[in-house]
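Counting from 1, the numbers follow the sequence of the chain as shown. In each ligand, atom 1 is the first atom listed, and ligand 1 is the first ligand listed. These numbers come from a predicted model, not from an experiment.
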Amino acid sequence: MKDFLDELDLEVQGIVPDTASVSGPTGSTQLEQQNNSQHSNNKPHTIAPKKPVHNHNKPAPNDNPLVNNNSGHTQNQNTKNNTGAKKPVHNHAAQAKNNNGQAQNKRPNNHRNKHQNQHGGDTTGLPQSNKYGRKIIQFPETKFFLPTLREGYTRYIPIGGNNEIGAKNMSMVQFGDDIILIDCGVQFAEPDMLGADYSIPDVSFLTKYTKNIKGFLITHAHLDHIGALKNVLPVLDMPTLYGTKLTLGLIKKSLEEAGLMPYATFVEIDASVANTTKIGQFSVEFFSVNHSIPDCAGLYIETPGGAKMVHTGDFKIDHTPRLDKPADFERYEEIGKRGITLYLGDSTGSVTKGFSMSEKEVGDTLEKIVSETTNGRLLIAAFSSWISRVQQLIDIAQKYDKYIFLSGRSMVENIAIAQKLGYLSMKPGTIKKLTVKNTQSVPANKQIIITTGSQGEEYSALSRMAEGKHNAITIQSGDTVIFSSSVVPGNERSVGGLINRLIKYGVKIITKSDLPVHTSGHAYQEEQKIFLKLFAPKYFMPIYGDLYFRTRHAETAMSVGVKESNILLLDNGNIVDFAPNGSVFRSKIKVPIMEYVIDGYGMGLTTSHVIKAREQMMNAGVLVLQYTVDKKSKAIIGHIKLETRGLVYVDEVRYIHRIIIKKAREVFENTLKDIPDIEEKDLLKILRTDLETFILKKVDREPMIIPIITEV
Ligand SMILES: [Zn+2]
């Protein structure tokens, strides 16, 4: 599939693509320059990065690196082209209000103008103190500029989510000078992140284009779609967020915690009705899709260049969901009839055959378990965002005269928001606050405790119960624990450990391997086929998933008649441009996308020294050598002190320490003999390198070596 796609680069179809032959880092090509001077109607459309406004009486420097001065344009033309720099400060909120009337503008006027100089320029990942609060991370400046986009062309770039599964989803669409962004999720810590908290999409290349960003479209409120907004929004100068009521409600909670609410602007969209919202030059329509959190949307995006895109977000097809409406085939079909240029489809469920089970079937199973459980409590471990599952349990509790207790902070908070926004229906008193007093006042067989911790997370509510450390719940023999969840890949060991700890109490465990107590929120192959048929696109791009998942989705598409030559498999950072005549051009230029991790207070790269050092210490420990030397003669005074951690076992300590100290003295003295005036940093380097080789040879380990020289 990939080889064939590379051939697409050479596809010309009557118009010379700007990506046909690359001659420089900006992507400006010889062909393009000829075209610029010969066909003024077909001149490339430039996108102007944020720059200060020039005095137009003086010749302006070429402040748009995408425009080559040799292309025949005068400098003044360049300035004229640079609409981003000339535009007055743009008030998104005002525009948003015109479009929809529901915008809530809490942002101070002209804040960009006052503060724009504070952005950029810092090359560290440490939080900077600025107008948005103290915990705002900064991306380092990059030298990358988006390649020229021809007039009338529409561009799509996946920024995150195409090289990973269910993680840090983000993408952008560009038309002319305008950019819209879609979703902004996190990836939770992976083993290779070594102690970091989570990873976020790399938006460093976008920091130059904050004025061009017209809005952030959010498909739904899962953390792999919204979790990085609190980090990324302030970096991109707080673009307006567009989303459905529940999606925005949950985002607001996270922005409130980050202290960003005073600067955020929102436009609420009702995805259940056809309604076009104009955002910059884009016409955007949200449409409802089923998934595992209510109020999810897919996106229809149309540009004046004739590109019509459908982006599914995360989706499944459910005829009997709870809280949401059944899949709206009529609407999907109507959108499909408009002639879709590009369909971007969720690939998360693409390796599973058939249809995913309906939420109703899970509800029926849970009801059967509740009705048959006459002894002990029911503990149900579920994802805290699966609000329809909680609603089903509320329905069941009311029917069987039982009470719901919510356990775990995110569960309590998400349900409170959903209830406040009117998503849940229940009789007063059905949910009781989880306190010792309340649990003692309700008989055990009347209690349904819905808890977080289905992934065996160390400090989650269910883990604390299993450790006997939960202050309101003590697990007892006769209780039943249902895992109404799936195991997220990578969590198998921790979930297994949790189940084993729970079984020791004499509880009954039910998982989805025993009974249908959980279903997927993502379309399986048969559902993917239905969407592909209804939207009937010219081009298909599988999104969300690594190459394996996306390739499977591509195979499914081909089985329903999508031409192989029209399937686009893109990695994060790949660029595709769609011409007004519908042909596609894949750029050979790729946006450099790095892996950034949030680590406590700051941010860094997974390739950074910090993570590498952690890896080294984890694998072979640390060795610290302390030399005390005479200031003048540089001779070692007394013994060399040696401390090791995680390097040697008890029975080998004496021997290994002795040979290392002997070697450490030898290297130090020999080096000084050879180079008497050696600088300390060079001496330290030699000590590290020689000892590394020595220790590797003697004990076959590669610890981190830290020599310290103290002069007295
Ligand atoms: Zn999702």
task = Name all residues meeting the salt bridge (Lys or Arg N to Asp or Glu O under 4.0 Å) criterion together with Glu492; count only those two or more places apart in sequence or in a different chain, and write none if there are none.
result =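 Partners of Glu492 under the salt bridge (Lys or Arg N to Asp or Glu O under 4.0 Å) test: none.
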query = Looking at residues at least two apart in the chain, or sitting in another chain, which of them share a side-chain contact (heavy atoms from CB on, under 4.5 Å) with Ala297?
reply =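 Once residues adjacent in sequence are excluded, the partners of Ala297 under the side-chain contact (heavy atoms from CB on, under 4.5 Å) criterion are Thr244, Ala271, Phe286.
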ask   = Taking the six-membered ring for Trp, are the ring centroids of Phe355 and Tyr524 within less than 6.0 Å of each other?
value =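 No, too far apart.
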ask   = Taking the six-membered ring of Phe266, is the NZ or CZ of Lys252 close enough (under 6.0 Å from the centre) and on axis enough (within 45°)?
value =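 That pair qualifies as a cation-pi contact.
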query = What's the count of protein N, O or S atoms under 2.8 Å from the Zn ion (ligand 1)?
reply =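 N, O or S atoms of the protein closer than 2.8 Å: 4.
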query = With the threshold set at 4.0 Å, does a side-chain nitrogen-carboxylate oxygen contact exist between Asp571 and Arg550?
reply =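 Salt bridge: yes.
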request  = Could you list all the salt bridge (charged side-chain N to carboxylate O under 4.0 Å, His left out) pairs where at least one residue sits in residues 319-331, not counting sequence neighbours?
outcome  =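 Counting only pairs at least two positions apart or across chains, the salt bridge (charged side-chain N to carboxylate O under 4.0 Å, His left out) contacts touching residues 319-331 are Glu285-Arg331, Arg322-Asp395.
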